[in-house]
Amino acid sequence: MQTSTLVLVLLILAAVAYRAGRMRSLALVGGLKGASKLHSRPGYYGLLTALWCAIPALLVLGLWHAFDGRIVTDLVIGGMSAEVQALTPDQLSLVLNDVRNLVAGAIPAEMASPEARAAAARYVELQSLSGLAAAALCLSLALAAGAFVWLRISPSLRARNNVETIVRVALIGCSTIAIFTTIGIVISVLFESIRFFRQVPVTEFLFGLQWSPQMAIRADQVGSSGAFGAVPLFTGTLLIAGIAMLVAVPVGLFAAIYLAEYARRRVRAVIKPMLEVLAGIPTVVYGFFAALVVGPLLRETGESLGLAVASESALAAGLVMGIMIIPFVSSLADDMITAVPQSMRDGSYGLGATQSETIRRVVFPAALPGIVGGVLLAISRAIGETMIVVMAAGLGANLTANPLEAVTTVTTQIVTLLVGDQEFDSPKTLAAFALGLVLFLATLSLNIIALQVVRRYREQYE
Amino acid sequence: MATVPSDMARRTGGSLPDGGVQLDRSESAHRTVGDITAKNPVLVCRSVNVFYGDKHAIRDVNLDIAHNQVISMIGPSGCGKSTFLRCLNRLNDTIPTAKVTGSISLDGQDIYDKRQDPVQLRARVGMVFQKPNPFPKSVYENVAYGPRIHGLAGDRTELDEIVQTSLQRAGLWAEVKDRLDAPGTALSGGQQQRLCIARTIAVNPEVILMDEPCSALDPIATARIEDLIDELQQNYAICIVTHSMQQAARVSQRTAYFHLGDLIEVGSTDQIFTNPRHKLTEDYITGRFG
Amino acid sequence: MNDPALNPAAAENRAQRTRRLVEQSLRRRYRAERRFRAYGIMAVALGLCFVGFLFSSIISTGWTVFQQSYLRLDVSYAADVIDPDGSGDLETIGNADYSGLIKAAMRKQFPDVEGRGNLRDLYRLASDGGQFDLRERVLRDPDLVGKSETLWVLADDRVDLYMKGRIDRELGEDVRGLTDQELGWIDRLVADDRLEKRFNRSFFSNGDSREPEQAGVWGAVVGTFLTLALTLLLSFPIGVAAAVYLEEFAAKNRATDFIEVNINNLAAVPSIVFGLLGLAVFIQLFGLPRSAPLVGGLVLTLMTLPTIIIASRAALKGVPPSIREAALGMGASEVQTVMHHVLPLAMPGMLTGAIIGMARALGESAPLLMIGMVAFIVDIPHGFTDPATVLPVQVYLWADSPERAFLERTSGAILVLLGFLLIMNATAVILRQKFERRW
């Protein structure tokens with residue numbers, strides 16, 4: 001049975017359970033006239049029955065689907081020859097791929113080996129068996145749970161309270177998803193990273209100056225162990241993020257100051273949204289802009305000045321990233337500046353300060369903690385930004401501080417290592433997760449510090 | 001909050017929410033009772049009107065403010081006394097909708113004249129605000145702020161000296177001399193307000209405007225500020241807005257009574273409090289409304 | 001009081017000094033004031049310039065995508081080519097050599113062209129994609145076999161570039177990509193009204209293709225729609241539920257604080273990290289298919305949840321406590337109060353937040369690269385598990401393509417993407433203005 005049909009059947013069952021529960025509660029007290037004898041409104045009895053009918057069955061179905069693929073695969077492998085079972089995980093995954101393709105009809109049956117064909121047949125068989133088992137289990141569970149509650153319905157059953165408890169538990173479950181996401185991120189990058197660090201020492205990864213992850217295919221080949229020294233990646237990331245901040249911080253800050261302190265209300269109402277358009281543009285558009293407009297423009301300008309500018313220069317990526325971050329900085333700074341109480345400005349004007357003196361010497365220092373928090377968040381965003389650098393920065397890991405040369409970044413390398421067909425468990429694939437771990441930790445600490453600073457600042461003036 | 005107040009006003013029959021009494025507001029402004037002039041005036045205000053957008057906040061006020069004298073401005077809340085005070089150093093300029101007409105002259109020069117620079121004016125007419133508003137800087141930097149921006153000190157020792165004498169004259173030196181680097185916001189409320197006064201006198205103004213300087217302070221801190229005002233009076237013209245009639249009686253030589261944008265009565269403080277000539281003044285003094 | 005500093009005459013002198021010094025400083029200070037103000041104006045102007053430059057460069061390269069060059073050819077559906085045995089069998093008809101028909105039509109147009117090489121050049125003026133149109137026409141109406149009709153078929157991307165003025169005639173043959181002979185043919189076709197720019201149907205109905213003139217955004221649009229539909233379906237209810245719990249029910253304790261910190265932090269985690277999560281958990285652990293809108297939707301759900309939760313909480317905060325007190329006072333339970341009174345009042349704000357979250361998800365591409373939505377996919381996806389790509393990733397793929405004609409496609413796809421974003425943001429603004437209620 002198809003999963004979607006199964007879900008549909010379960011929902012229909014739940015609807016039936018609702019009616020049944022409601023009818024039974026009414027029947028117990030002699031119809032609608034006796035409804036006041038019930039602890040809760042009749043609908044709640046129906047709802048309780050329906051929830052009990054649907055929720056456990058759906059949960060089981062979800063769990064089943066999360067794991068049946070693996071179990072089926074394991075069983076298929078178990079049924080294959082000892083020869084196949086002795087293969088390395090890499091080769092095994094290739095064989096499995098063949099079997100799956102065979103099942104999906106992506107490769108004609110004539111092209112496959114008899115063993116693969118047999119495995120495919122077994123795969124199909126197991127899959128349909130699994131589907132049937134899931135259907136049987138879920139439906140019987142739904143019926144059993146529904147019937148259990150239905151039988152327990154009595155006028156004194158606190159149906160509303162029970163339903164509300166279920167609702168509350170569901171709400172709690174939803175709000176903990178954020179925690180599970182964080183845990184999921186940590187576990188998924190941490191485990192793969194640990195496997196990576198078993199093959200490549202942590203010290204080499206963190207302090208090595210050579211990065212060339214393209215592994216040789218044969219073990220005896222020269223340079224067969226790729227180099228995984230990530231320092232050029234870190235410097236490249238910092239270089240591009242630094243250029244971005246050099247663009248975004250002054251422009252964003254001055255724009256915010258002008259709009260918050262000088263501009264008239266109407267001018268502000270027009271210009272502020274126009275600048276914020278920059279924040280709504282997808283990063284891939286910036287990437288396109290950096291790679292195909294700004295990059296060539298810089299190279300030509302460099303040529304006419306007699307400078308050698310790489311077409312994938314750090315400058316191009318950094319500049320465009322800076323443009324992207326301008327509205328981020330300016331709207332945060334704007335918030336912080338407007339949070340400075342008017343009495344500060346009055347105090348300064350009252351002493352005869354000009355407007356710029358007031359801004360520079362009173363408003364800005366007062367808003368500084370908040371602005372610093374905002375800038376930290378902006379840096380975290382610059383470090384984690386992917387599309388611009390994937391499209392506009394280079395792939396070669398140069399250890400340089402020259403913005404006119406091409407550098408590569410952590411995010412670029414993650415994408416390059418993971419896009420396309422990957423071999424499982426090769427250091428190359430695992431390295432991407434190690435880089436992800438570094439990226440996550442770096443942005444996490446920046447975010448936590450920044451959010452803390454901003455929160456303290458807000459509390460100060462509230 | 002857009003709809004609620006109007007609903008409330010309708011329900012309570014149009015009287016103001018704060019219980020203010022309706023005054024017969026004829027077209028012509030009220031003629032002030034008492035002598036508006038003063039000997040040795042520093043600020044001379046003639047037919048001053050202030051508008052906030054459509055609202056006529058101050059109506060045709062005439063008043064002199066004299067050297068070495070404290071004048072207090074009293075009246076029910078919303079009567080325009082603070083607005084009037086803010087006209088005297090053009091702090092209303094920072095509110096885009098505010099408009100001031102009439103003439104206010106400082107030593108014979110109109111402060112709303114095009115040639116008059118607001119920066120220079122505010123250096124000469126200092127202001128202390130209702131809520132202590134020290135800058136988020138150290139005590140030292142708070143006091144040094146004015147001299148620094150105006151370039152009043154040639155070098156560091158001179159600046160140190162200005163800071164010290166200002167703090168001494170504000171009666172704060174003894175309390176803060178060991179923690180000049182502590183943030184100004186770390187002081188107590190009364191100390192903060194004296195710091196703001198020190199900040200103001202560090203610029204050597206001619207007039208000090210005080211907008212309810214004690215309303216946020218406890219009685220002991222208030223008493224200290226009042227003593228300070230007494231001392232400062234020897235050197236400055238002081239104009240204080242206050243809610244407290246007792247305070248006005250204690251610190252000022254002259255008193256002006258404002259009501260709904262009109263200057264009702266001016267006179268010596270003794271006369272106003274013992275023998276008010278206008279009915280509204282009397283009602284206010286005797287506590288009929290406030 | 002015999003301190004000389006407090007002597008009125010000294011005070012007078014000090015005031016004089018202040019006046020003098022302030023007057024001296026004024027010019028310098030007003031210059032600084034003007035300079036500072038100029039910096040502000042410059043920053044704003046620079047920001048606006050960036051906006052203008054960005055849009056003008058995208059629009060100027062992209063607006064031509066709405067038109068495409070088509071050739072008007074007299075195609076004869078020769079029975080001996082399409083259905084040699086006259087059986088009318090659809091499979092035979094489907095497998096016929098339609099590109100041969102186009103070649104024949106081209107030959108008929110230029111009977112004077114001879115020689116293998118020359119003919120090959122001639123055929124290359126028409127796009128390879130025309131044959132699919134012909135095939136579809138015949139399959140839809142098999143009676144066409146044996147007849148002939150005049151049709152507009154797709155021209156090659158080089159012809160299209162020339163027609164749009166992006167190839168300079170004056171350049172050398174090797175640089176411009178069109179030979180003199182080909183240019184001559186093009187001129188003749190134009191003169192005969194047989195080559196012109198028409199509305200670009202294929203761009204809005206095709207999937208991806210290696211040939212620029214056949215590449216379209218429809219596949220990516222459908223993929224985007226499927227992915228975002230799943231994202232909305234999952235993230236909105238979950239986000240609202242989480243916000244309701246945190247805002248209405250949760251006690252202020254460590255656990256709640258921890259959840260809050262997590263949400264705020266997740267909102268600032270780089271999107272690519274969510275891609276790693278999706279790859280490790282959904283694909284490698286759960287064995288869900290790669291490149292599928294299903295996984296894309298799940299990853300984007302996790303990514304947009306914090307945004308939706310934060311916006312929904314703000315909307316709930318905006319509902320005044322008096323409403324809750326009134327409902328509780330009537331004897332409603334807490335859950336009833338929230339479900340019947342608070343939630344409906346906060347709904348417009350929550351919807352606005354959801355749309356903004358969706359707009360952000362629409363522009364996201366980095367995590368989708370991780371889960372394989374970058375594959376070259378020609379077919380239009382039909383379900384959540386079909387391989388698919390999304391608009392921003394399509395932009396990324398085309399931006400990487402070497403053919404010049406893809407530049408225009410890329411900008412065109414960006415315009416489509418920005419169009420969708422504009423619609424979503426405008427909806428959010430209208431929603432906010434229409435339902436905004438001040439308490």
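By convention in this document, chain letters (A, B, ...) are assigned in the order of the sequence lines, proteins followed by strands, and residues within each chain are numbered from 1. Just so it is clear, the values below take in all heavy atoms, side chains as well, and ignore hydrogens, waters and symmetry mates.
The greatest number of non-hydrogen atom pairs below 4.5 Å with chain A, out of C/N264, C/L48, C/L305, C/L362, is found for C/L48. Each of A/I323, A/T386, A/I414, A/L275 has some count of heavy-atom pairs under 4.5 Å with chain C, and the biggest count is that of A/I323. Note: C/V269 leads C/L46, C/V244, C/V281, C/V269 in heavy-atom pairs under 4.5 Å with chain A. Per-residue counts of heavy-atom pairs under 4.5 Å with chain A were compared for C/S365, C/G47, C/A399; the largest is that of C/S365. Of the residues considered (C/N425, C/I356, C/L407, C/L288), C/L407 shows the highest number of contacts with chain A, using heavy-atom pairs under 4.5 Å. Counting heavy-atom pairs closer than 4.5 Å to chain C, the top-ranked of the candidates A/L259, A/V294, A/L292 is A/L292. In terms of heavy-atom pairs under 4.5 Å with chain A, the best-connected choice from C/V44, C/I58, C/D400 is C/V44. With chain A as the partner, the residue from C/V395, C/L302, C/L266 showing the most heavy-atom pairs under 4.5 Å is C/L266. Considering only heavy-atom pairs separated by less than 4.5 Å from chain C, the leading option among A/E357, A/E261, A/R381 is A/E357.
The line from OG1 of A/T412 to CG of A/L435 is 10.5 Å long, rounded to the nearest 0.5 Å. In this structure, CZ on C/R409 lies 15.0 Å from CG on C/L397, to the nearest 0.5 angstrom. Rounded to the nearest 0.5 angstrom, A/S356 OG and C/F36 CZ are separated by 6.0 Å. For the atom pair A/M324 CE and A/I388 CD1, the distance stands at 4.5 Å (nearest 0.5 Å).
By the 4.5 Å heavy-atom criterion applied to side chains, C/I259 and C/L246 are counted as neighbours.
Proximity to chain A is limited to the side chain of C/S57, based on heavy atoms less than 4.5 angstrom apart. For a residue to count as touching a neighbouring chain, one of its non-hydrogen atoms must lie under 4.5 Å from one of that chain's; by this rule C/I371 does not touch chain A. Looking at A/V277, only its side chain comes within 4.5 Å of chain C, counting heavy atoms on both sides. Looking at C/L276, the atoms closer than 4.5 Å to chain A (heavy atoms on both sides) sit in the backbone and in the side chain alike. For chain A, the nearby parts of C/A32 are the backbone and the side chain; heavy atoms of each come within less than 4.5 Å. The part of A/I177 that comes within reach of chain C is its side chain, from C-beta onward, which places non-hydrogen atoms under 4.5 angstrom from that chain. The parts of A/L444 that come within reach of chain C are both its backbone and its side chain, each placing non-hydrogen atoms under 4.5 angstrom from that chain. Looking at C/F53, the atoms closer than 4.5 Å to chain A (heavy atoms on both sides) sit in the backbone and in the side chain alike. Neither the backbone nor the side chain of C/P306 comes within less than 4.5 Å of any heavy atom in chain A. With a 4.5 angstrom heavy-atom cutoff, A/M274 touches chain C via backbone and side-chain atoms both. With a 4.5 Å cut-off on non-hydrogen atoms, A/I185 touches chain C through its backbone and its side chain both. The contact between A/A353 and chain C is made entirely by backbone atoms, counting heavy-atom distances below 4.5 Å. Interface remark: A/I359 contributes side-chain atoms only to the contact with chain C (heavy atom separation under 4.5 Å). Heavy-atom distances place the side chain of C/L421, and not its backbone, under 4.5 Å from chain A. Looking at A/I179, the atoms closer than 4.5 Å to chain C (heavy atoms on both sides) sit in the backbone and in the side chain alike. Residue C/M42: no heavy atom, backbone or side chain, is found under 4.5 Å from chain A.
Both tests do not hold together for A/R168 against C/Y245: distance to the six-membered ring centre under 6.0 Å, angle to the ring axis within 45°.
Between A/Y262 and A/Y258, the ring planes are parallel. Angles under 30° get that label, and only those over 60° would be called perpendicular.
Judged by distance alone, the side chain of A/T182 and the main-chain N or O of A/A178 form a donor-acceptor pair under 3.5 Å. In terms of modelled atom types and a separation under 3.5 Å, the side chain of C/D386 and the main chain of C/G383 share a donor-acceptor contact. The backbone N or O of A/T409 lies less than 3.5 Å from no partner atom in the side chain of A/T237, so there is not a single donor-acceptor pair. One N or O on the side chain of C/E33 and one on the backbone of A/Q355 form a donor-acceptor pair closer than 3.5 Å.
Between A/A290 and A/A392, the shortest heavy-atom contact is CB-CB, 3.5 Å.
A donor atom on one side chain and an acceptor atom on the other are found under 3.5 Å apart for C/S411 and C/T61. With hydrogens and angles left out, the side-chain atoms of A/D334 and A/S331 include no donor and acceptor closer than 3.5 Å.
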Stepwise ring-ring contact (aromatic ring centres under 6.0 Å, His included) test for A/F433 and A/F191
CA-CA 9 Å; A/F433 284 91; A/F191 276 168; over 10 Å; no
